[in-house]
Amino acid sequence: MAIVVDLDVLLARRGMSVGAFADAVGITPANVAVLKNGRAKAVRFTTLDAICRTLGCQPGDVLRWVPDDDGTQTAGTGV
């Protein structure tokens with residue numbers, strides 16, 4: 001997957017623990033780990049909104065796109 005979640009960087013910059021972040025956002029620490037480790041397949045907009053409110057950032061600070069290893073862009077079929 002070519003979407004990278006930069007939560008670990010944002011949490012470190014703000015000196016926030018995973019537990020405090022999870023409580024503030026309203027998700028479990030296990031789900032924070034899923035996001036941080038790139039295993040999430042989807043993120044609800046309400047969760048992304050809570051993440052941005054908690055960290056005082058924009059969605060683009062949390063998520064970024066990088067090309068696949070072979071340098072190609074994969075076309076999506078959904079929205």
Peer 1: In sequence, state the C-alpha distance, the side-chain angles, and the governing distance for I3 and R64, and then conclude on side-chain contact (heavy atoms from CB on, under 4.5 Å).
Peer 2: CA-CA 6 Å; I3 302 296; R64 66 185 161 91; over 6 Å; no
Peer 1: Do you know which two heavy atoms are closest between V5 and L35, and how far apart they sit?
Peer 2: CB-O, 3.4 Å
Peer 1: Could you check F21 against L55 for side-chain contact (heavy atoms from CB on, under 4.5 Å), going step by step and ending with a plain yes or no?
Peer 2: CA-CA 9 Å; F21 174 73; L55 297 177; 3.8 Å; yes
Peer 1: Do V34 and F45 share a hydrophobic cluster, counting only Ile, Leu, Val, Met, Phe, Trp and Tyr and linking them when any side-chain heavy atoms are less than 4.5 Å apart?
Peer 2: no
Peer 1: Looking only at heavy atoms, which two atoms of A2 and P67 are closest? And how far apart?
Peer 2: CB-C, 4.5 Å
Peer 1: Taking CZ in R44 as the centre, count heavy atoms belonging to other residues, nucleotides or ligands within less than 6.0 Å. Is the count above 12?
Peer 2: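 Incorrect, the count does not exceed 12.
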Peer 1: If you count the non-hydrogen atoms of other residues, nucleotides and ligands that lie under 6.0 Å from CZ in R53, is the total more than 12?
Peer 2: no
Peer 1: Determine whether K36 and V18 make a side-chain contact, defined as any pair of heavy atoms from C-beta on separated by less than 4.5 Å.
Peer 2: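 When only atoms from C-beta onward are counted, V18 and K36 do touch, with a gap below 4.5 Å.
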Peer 1: If we only count heavy atoms from C-beta on, is the L10 to I51 side-chain gap below 4.5 Å?
Peer 2: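 No. Closest side-chain heavy atoms not under 4.5 Å.
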Peer 1: What is the minimum heavy-atom distance between T47 and I27, and which atoms define it?
Peer 2: CG2-CG2, 4.2 Å
Peer 1: Is there a side-chain contact between R13 and C57, using heavy atoms and a 4.5 Å cut-off?
Peer 2: no
Peer 1: Any side-chain to backbone donor/acceptor pair from D61 onto Q58? Under 3.5 Å, distance only.
Peer 2: yes
Peer 1: Are V43 and V25 grouped together when hydrophobic residues (ILVMFWY) are joined by side-chain heavy atoms under 4.5 angstrom apart?
Peer 2: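 Cluster IDs for V43 and V25 match.
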Peer 1: Are V66 and V9 connected, step by step, through hydrophobic side chains (Ile, Leu, Val, Met, Phe, Trp, Tyr) whose heavy atoms are closer than 4.5 Å?
Peer 2: no
Peer 1: Side chains of M16 and T54: does their closest heavy-atom pair fall under 4.5 Å?
Peer 2: yes
Peer 1: So, for T28 and A22, which heavy atoms are closest and what is the spacing to 0.1 Å?
Peer 2: C-CB, 3.9 Å
Peer 1: Using a 3.5 Å distance criterion without hydrogens, assess whether the side chain of N37 forms a donor-acceptor pair with backbone atoms of A33.
Peer 2: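 Pair found, side chain donor or acceptor close to backbone of A33.
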